[in-house]
Amino acid sequence: MIIYRTKDYEAMSRTAAAVMAAQVIADPHSLLGLATGSTPIGLYKNLIAGCAAGDLDFSHITTVNLDEYAGLPGTHDQSYRYFMNTNLFDHVNIDKANTNVPNGQAPDPEAECARYEALLRKLGPADIQLLGMGRNGHIGFNEPGDAFIAPTHVVELTDSTIDANARFFASRDEVPKKALTMGVGAIMRAKRVLVVVSGADKAEAVKAAFAGPITPQVPASILQLHPDVVLVGDEAALAGLAEAGC
Ligand code: F6R
């Protein structure tokens with residue numbers, strides 16, 4: 001694992017964007033696995049700037065997103081499709097037909113998970129998979145549990161995740177209780193995994209994930225088995241890992 005420790009969120013965003021940009025430059029036909037959440041927003045801003053400057057070309061890039069809330073249409077301002085459009089896709093020269101997010105409004109969520117998993121298999125492993133990390137160690141919406149789940153699946157969100165996401169909705173009651181998520185299978189098949197973390201509230205999760213036992217109780221801990229992980233975090237988020245001697 002490569003660890004880049006940065007001063008703050010802005011530096012973390014620039015460094016992580018450079019890792020992603022290197023992939024886009026090295027192979028303009030790359031398959032990028034993307035994530036939502038507050039952590040990658042700065043990274044996406046840097047990619048948008050790179051595209052505006054003419055340094056990055058997304059015209060042949062394909063993307064697969066990790067997850068989507070069940071029940072929200074792509075036009076809902078808290079859906080992950082909407083997030084991706086407004087934070088990245090609307091501002092770079094990507095063909096939206098080549099951008100993939102699970103369909104949260106599919107009438108049969110299980111069938112939608114099967115469709116998405118087949119699509120992931122067809123497109124092949126992501127050249128790079130971007131991940132944020134929840135305070136409970138979740139990746140995508142793979143929540144702590146008794147087992148790692150490999151394929152795309154429907155999840156019941158934990159109270160901790162609903163609490164963390166409530167800030168984006170008018171009230172906690174409006175936060176969807178289920179989501180569709182890529183499983184750890186497609187994440188682990190990615191050729192490279194880029195994890196971004198920022199802030200002191202992630203320090204314990206980062207320490208547990210990378211310096212603790214590999215357990216489904218800390219879903220991100222499975223990344224210890226991946227041969228090419230790049231962890232980019234600011235000092236606050238990496239403080240626990242530093243304590244553990246990493
Ligand atoms: C987002 C996702 C989540 C987030 C995680 C961290 O697509 O899959 O696992 O990466 O909840 O979110 P932030 O970055 O908001 O702390």
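Order of appearance sets the numbers: ligands from 1, and atoms from 1 within every ligand. Remember, it's a predicted structure, so these values are computed and weren't measured experimentally.
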Quick look: Arg167 vs ligand 1, heavy-atom contacts under 4.0 Å, and the answer is side chain

Within the distance-only criterion (no hydrogens, no angle test), does the side chain of Gln78 pair as donor or acceptor with the backbone N or O of Phe168 below 3.5 angstrom? yes

- Query: Is Glu68 in contact with ligand 1, taking contact as a heavy-atom separation below 4.0 Å?
  - Reply: no

Pair Asn65-Asn100, side-chain donor/acceptor within less than 3.5 Å
no

- Query: Considering distance alone, does some N or O of Gly140 sit under 3.5 Å from an N or O of ligand 1?
  - Reply: yes

the protein heavy atom lying closest to atom 1 (C) of ligand 1 turns out to be Thr36 OG1, 3.1 Å

Only residue of Val193, Val19, Asp228 satisfying side chain to side chain contact (heavy atoms under 4.5 Å, CB included) with Ile128 is Val19

| request: In plain terms, say whether Asp90 and Lys96 are close enough for a salt bridge, that is, a side-chain N and a carboxylate O under 4.0 Å apart. | output: yes

Ranked by distance from atom 6 (C) of ligand 1, the top protein heavy atom is Met133 O, 3.5 Å

Counting from 1 in the order shown, the ligand 1 atoms closer than 4.0 Å to a non-hydrogen atom of His138 are 3 (C), 5 (C), 9 (O), 11 (O)

With heavy atoms and a 4.0 Å threshold, my read on which part of Asp67 contacts ligand 1 is side chain

Q.
Quick one: does any side-chain atom of Lys7 pair with a main-chain N or O of Glu235 as donor and acceptor, under 3.5 Å?
A. no

- Query: With a 4.0 Å cut-off on heavy atoms, does Lys202 reach ligand 1?
  - Reply: yes

Gly132 heavy atoms within 4.0 Å reach ligand 1 at atoms 10 (O)

**Message:** Using ring centroids (six-membered ring only for Trp), state whether Phe141 and Tyr69 fall under 6.0 Å.
**Reply:** yes

Notebook entry, point to check: Within a reach of under 6.0 Å around CG of Asp108, are more than 12 heavy atoms found that belong to other residues, nucleotides or ligands?
Noted result: yes

Atom 14 (O) of ligand 1 sits nearest the protein heavy atom Thr39 OG1, 2.5 Å

Checking heavy atoms under 4.0 Å, the part of Leu66 that sits near ligand 1 is side chain

Heavy-atom nearest pair, Arg81 first then Glu68, reads N-OE2, 3.1 Å

Within 4.0 Å of some non-hydrogen atom of Gly37, the atoms of ligand 1 are 14 (O), 15 (O)

Exercise for the section: Using distance alone, determine whether Tyr80 and ligand 1 share an N or O pair under 3.5 Å. Expected result: no

* Asked: Quick check: does any side chain N or O of His226 sit under 3.5 Å from a backbone N or O of Ala190, one acting as donor and the other as acceptor?
  -> yes

